[in-house]
There are 2 protein chains.
Amino acid sequence: MSDIQVQDTADFLKALGEFNRLSLVYRLCDCQSPQNAMCLCDCCSVDASVVSRHLKTLVQAGVLKQEKKGRERTYSLDRSRVAKELRELADRIETNIE
Amino acid sequence: MSDIQVQDTADFLKALGEFNRLSLVYRLCDCQSPQNAMCLCDCCSVDASVVSRHLKTLVQAGVLKQEKKGRERTYSLDRSRVAKELRELADRIETNIE
DNA sequence: GACACATTTGCACAAATATGCAAATATAAG
DNA sequence: CTTATATTTGCATATTTGTGCAAATGTGTC
């Protein structure tokens with residue numbers, strides 16, 4: 001496994017491994033439609049600018065998808081992508097190479 | 001989901017979300033028997049004391065199991081625990097609550 | 001264009017983190 | 001007990017990261 005692959009996976013996990021960001025993810029987990037940033041602010045008690053930055057981090061890590069809707073931007077979980085990544089890691093770790 | 005549960009999961013992911021620590025995990029992935037710290041030093045080019053600290057972090061996060069063997073300490077992946085945690089998260093994220 | 005609202009960015013700062021080195025500790029072997 | 005080896009800890013430090021506030025930007029509405 002190349003260093004770059006390891007780094008990519010580490011970055012993906014790091015994006016999820018912070019309290020406020022994971023709270024945002026769980027919050028979006030329960031939403032059927034994309035949500036805008038203002039709405040997502042409710043779930044963590046930090047400044048809107050901080051939420052904006054966390055959302056950006058999650059988009060860059062491939063956890064969220066972003067859409068422009070007029071003056072708002074809406075966010076939704078990339079459910080299949082995140083689940084796939086986590087399951088691949090789980091499989092890799094559980095498999096004891098003989 | 002309680003704040004404490006979110007924090008625990010975030011801490012677990014954060015432990016995995018660092019290059020050298022994830023390298024250690026992948027390295028142990030390919031080992032059938034527990035390895036000592038000196039041996040594990042090979043896989044990341046940092047001081048032994050740094051490896052020691054990373055291993056401690058991973059043990060505290062429940063990723064690794066530690067055993068004392070004479071003057072060495074050996075480490076092994078808690079494969080089932082890690083896989084279970086990752087799969088639970090994957091399931092939660094993939095499931096769109098109707 | 002003027003205004004309102006949503007979001008991002010620049011800046012400053014505190015806290016957390018990763019790191020290396022040297023010293024301390026633990027323990028096996030002689 | 002002394003020595004050698006494995007690991008941890010204390011300390012200093014550079015870097016990264018999370019945060020808030022104010023200003024800037026983008027965009028719809030009047």
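Predicted model only: the values in this text are computed from it and were never measured. We name chains A, B, ... by the order of the sequence lines, and we start the count at 1 in each one.
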Main chain of A/Ile93, side chain of B/Arg79: is a donor-acceptor contact present, judged purely on distance under 3.5 Å?
yes
Quantified as the angle between the terminal helix axes (five pairs each), what is the overall bend of the helix from C/dG1-D/dC30 to C/dG30-D/dC1 to 10 degrees?
20°
Within residues 47-56 of chain B, residues whose heavy atoms come under 4.0 Å of DNA chain C
B/Asp47, B/Ser49, B/Val50, B/Arg53, B/His54
Polar atom pairs (N or O), protein with nucleotides 24-30 of chain C, under 3.5 Å:
{"unit_1": "C/dT27", "atom_1": "OP1", "unit_2": "B/Lys68", "atom_2": "NZ", "d": "3.0"}

Would you kindly give the CG-to-P distance between B/Leu64 and D/dT7, to the nearest whole Å?
14 Å
Tell me the interatomic distance from B/Glu67, atom CD, to D/dT7, atom P, rounded to whole angstroms.
13 Å
Taking only the side-chain nitrogens and oxygens of A/Lys14, find out if one of them lies under 4.0 Å from OP1 or OP2 of D/dT17.
yes
Within the side chain of B/Gln35, is there an N or O that forms a donor-acceptor pair under 3.5 Å with the backbone of B/Ser33?
yes
Test item: A/Asp47 and A/Val50 side chains (from C-beta on) under 4.5 Å apart, heavy atoms
yes
Salt-bridge criterion met for A/Arg87 and A/Glu94 (N-O under 4.0 Å):
no
Please check the phosphate of C/dT8 (OP1 and OP2 only) for any side-chain N or O of A/Gln66 closer than 4.0 Å.
yes
Base, sugar-phosphate, or nothing: which does B/Phe19 touch, judged by heavy atoms less than 4.0 Å apart?
nothing
From CE of A/Met38 across to P of D/dG28 the rounded distance in Å is 17 Å
Salt-bridge present (B/Lys84, B/Asp78; N to O < 4.0 Å)
no
Strictly below 4.0 Å, N to O, side chains only: are A/Arg92 and B/Asp30 in salt-bridge contact?
yes
Which whole-number value in Å describes the distance from A/Gln60 CD to D/dT17 P?
12 Å
Less than 4.5 Å apart, any side-chain heavy atom of B/Arg21 and any of B/Thr57?
yes
Are B/Asn20 and C/dT19 close enough that a side-chain N or O sits under 4.0 Å from OP1 or OP2?
yes
B/Arg81 and B/Glu85: CA distance, side-chain angles, deciding distance, salt bridge (charged side-chain N to carboxylate O under 4.0 Å, His left out) verdict:
CA-CA 6 Å; B/Arg81 159 96 161 73; B/Glu85 193 90 28; 2.6 Å; yes
A/Arg21 CZ to D/dT16 P, in whole Å, measures 15 Å
Do B/Ser23 and B/Arg27 come within less than 4.5 Å of each other through their side chains, counting heavy atoms only?
no
Qualifying residue for side chain to side chain donor-acceptor pair (under 3.5 Å) with A/Gln7, from A/Asp3, A/Thr9, A/Asp11
A/Asp11
When the distance from CG of B/Leu16 to P of C/dA18 is rounded to whole Å, what number comes out?
13 Å
From CG of B/Asp11 over to C1' of D/dG18, roughly how many Å is that when rounded to an integer?
15 Å
Which residue is it: A/Val25, A/Asn20, A/Leu22? I am looking for the one with a side chain to side chain contact (heavy atoms under 4.5 Å, CB included) to B/Val6.
A/Leu22
Answer yes or no: is there a side-chain heavy-atom contact under 4.5 Å between A/Val51 and A/Cys44?
yes
In this structure, how many angstroms lie between the C1' atom of D/dG18 and the CD atom of A/Glu18, rounded?
7 Å
